[in-house]
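Sequence positions, counted from 1, serve as the residue numbers for this chain. Every number for a ligand or one of its atoms is a count from 1 in the order of the listing.
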Amino acid sequence: MKSRQFVLLLCLVGFCLIGVCQGGNLRKKFYKDTCSRAEDIIKIKTWQHVSANPQLPSKLLRLHFHDCFVRGCDASVLINSTANNTAEKDAIPNLSLSGYDVIEDIKAELEAECPGVVSCADILALSARDSVSFQVLTGRRDGRVSLASEVLTNIPAPFFNFTQLKQNFQNKGLTVHDLVVLSGGHTIGVGHCNLFSGRLYNFTGRGDQDPSLDPTYAAFLKTKCQSLSDTTTTVEMDPGSSLDFDTNYYAILKGNKGLFQSDAALLTNKGANNIVSELTNQTKFFTEFAQSMKRMGAIEVLTGEVGEVRKKCGVIN
Ligand code: HEM
Ligand SMILES: *[C@@H]1O[C@H](CO)[C@@H](O)[C@H](O)[C@H]1NC(C)=O
Ligand SMILES: *[C@@H]1O[C@H](CO)[C@@H](O)[C@H](O)[C@H]1NC(C)=O
Ligand SMILES: *[C@@H]1O[C@H](CO)[C@@H](O)[C@H](O)[C@H]1NC(C)=O
Ligand SMILES: *[C@@H]1O[C@H](CO)[C@@H](O)[C@H](O)[C@H]1NC(C)=O
Ligand SMILES: *[C@@H]1O[C@H](CO)[C@@H](O)[C@H](O)[C@H]1NC(C)=O
Ligand SMILES: *[C@@H]1O[C@H](CO)[C@@H](O)[C@H](O)[C@H]1NC(C)=O
């Protein structure tokens, strides 16, 4: 008995030494014994979907981000509304998230392989990883609560200034360094006109343009987004390379061509601005992105016996 406890203690210390403690109880290959093919299945299915839809990586990456920033990475973002409850995905505005069907498709295959084992929260994290390639710890369990009312208070807005961004990330235990690194997620994907057209047409309420935005780029954006009321047109956040996960986001940012005020805001703080410069180095960006994703992926996770493993990602059990 005593020696068993000692072994347990040794194991715990051992795990902590190799850094497992950091992400709560998340670890590598959580499903090794319970569903050994889980990660392979997720990877194969994700790649199948991505090959049919090259925009999918941006959708999955953003979905994981939104999941983690509201109630932690517990797949609460995937839950459908019910007669009784307006869930996160129906927050107004619902923030144009997508990719839910892909997660549900992967989940169905995993339920057939090993029922009740692999959480939706881990599927989301792993499929986001397989979309853009970074390492992910596993062992998250799924939450049972999803409230539309919690979205706007937790997800940073595209018009946030540096102070607000810093505070928002700090509320999630993330640093300014994480903020600058994770904003690099905007190297893939698109943004809707109405989320930045104030910078083009009415920045301070006097029909003016954001002086921090490159004028040539602003003129180009005006040809795409022709009025403040355009809510349907999208433009690439990283023009010309919006399907490539690369460091071009930081290059355009330094050229004053960040799409959102929240992107441009990263240049307004000296420390953050320095980090932007450093991250134009691809080796550095990839290493740092993986590390910051690990921290983001560990926000308020449910592990052990807390929460559940959903049967379908869209409904609680
Ligand atoms: C720093 C604060 C952030 C703000 C203010 C922000 C804001 C936004 C906005 C407004 C959009 C455009 C949505 C649309 O028009 O459909 C967007 C797209 C996106 N964001 Fe962020 N974001 C932030 C951080 C992040 C982080 C941390 C990640 C992931 C690591 C991320 C990944 C993405 C991706 C991949 C897209 C493209 C989605 C698509 O193409 O459908 N963002 N973000
Ligand atoms: C709504 O809430 C009531 C009472 O809490 C519960 O009995 C019912 O099953 C719920 N209905 C749905 C669709 O969740
Ligand atoms: C988000 O809102 C739009 C417009 O109201 C709607 O067409 C779309 O289905 C909604 N998406 C989700 C996932 O609820
Ligand atoms: C950032 O925005 C907040 C809220 O609008 C405002 O109180 C604050 O003064 C702004 N900070 C800077 C540095 O502009
Ligand atoms: C520009 O902003 C001001 C102040 O918010 C507002 O009164 C005005 O209606 C806006 N102009 C347009 C064209 O929306
Ligand atoms: C990029 O960063 C890596 C790792 O930090 C470093 O070894 C390399 O020298 C840097 N390259 C340049 C061009 O600065
Ligand atoms: C969630 O809602 C979507 C859209 O209404 C629907 O297509 C999907 O089947 C639902 N998911 C589940 C698990 O019920």
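Between Glu111 and Lys107 there is a salt bridge, since at least one side-chain N of the basic residue sits less than 4.0 Å from a carboxylate O of the acidic one. Taking the charged nitrogens against the carboxylate oxygens, Glu39 and Arg129 do have a contact shorter than 4.0 Å, which makes a salt bridge.
The ligand atoms of ligand 7 that sit less than 4.0 angstrom from a heavy atom of Glu104 are 13 (C). Atom numbering of ligand 7 starts at 1 in the shown order; those under 4.0 Å from a heavy atom of Lys312 are 13 (C). Atoms of ligand 6 lying under 4.0 Å from any heavy atom of Asn281, numbered from 1 in the order shown and given with element: 1 (C), 2 (O), 3 (C), 8 (C), 10 (C), 11 (N), 12 (C), 14 (O).
Centroid-to-centroid, the aromatic rings of Phe245 and Phe285 come within less than 6.0 Å. Between Phe69 and Phe169, a ring centre-to-centre spacing shorter than 6.0 Å is recorded.
Scanning all protein heavy atoms for the shortest distance to atom 4 (C) of ligand 5 gives Gly205 CA, 3.8 Å. Nearest non-hydrogen protein atom to atom 5 (O) of ligand 6 is Lys284 CD, 4.1 Å. Here the heavy atom of the protein found nearest to atom 1 (C) of ligand 5 is Asn202 ND2, 1.4 Å. In terms of protein heavy-atom proximity, atom 13 (C) of ligand 5 is nearest to Leu228 CD1, 3.8 Å.
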* Would you please test Arg141 and Glu308 for salt bridge (Lys or Arg N to Asp or Glu O under 4.0 Å) and show each step? => CA-CA 6 Å; Arg141 287 167 61 89; Glu308 64 183 17; over 6 Å; no
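With a 4.5 Å cut-off on side-chain heavy atoms, Ile188 and Leu243 do not count as touching.
The presence of a protein heavy atom under 4.0 Å from atom 7 (O) of ligand 6 is ruled out. Atom 11 (N) of ligand 7 lies below 4.0 Å from at least one non-hydrogen atom of the protein.
Across all non-hydrogen atoms, the minimal contact from Leu259 to Phe196 is O-CB, 3.5 Å.
Distances between N or O atoms of Asn80 and those of ligand 7 include at least one value under 3.5 Å.
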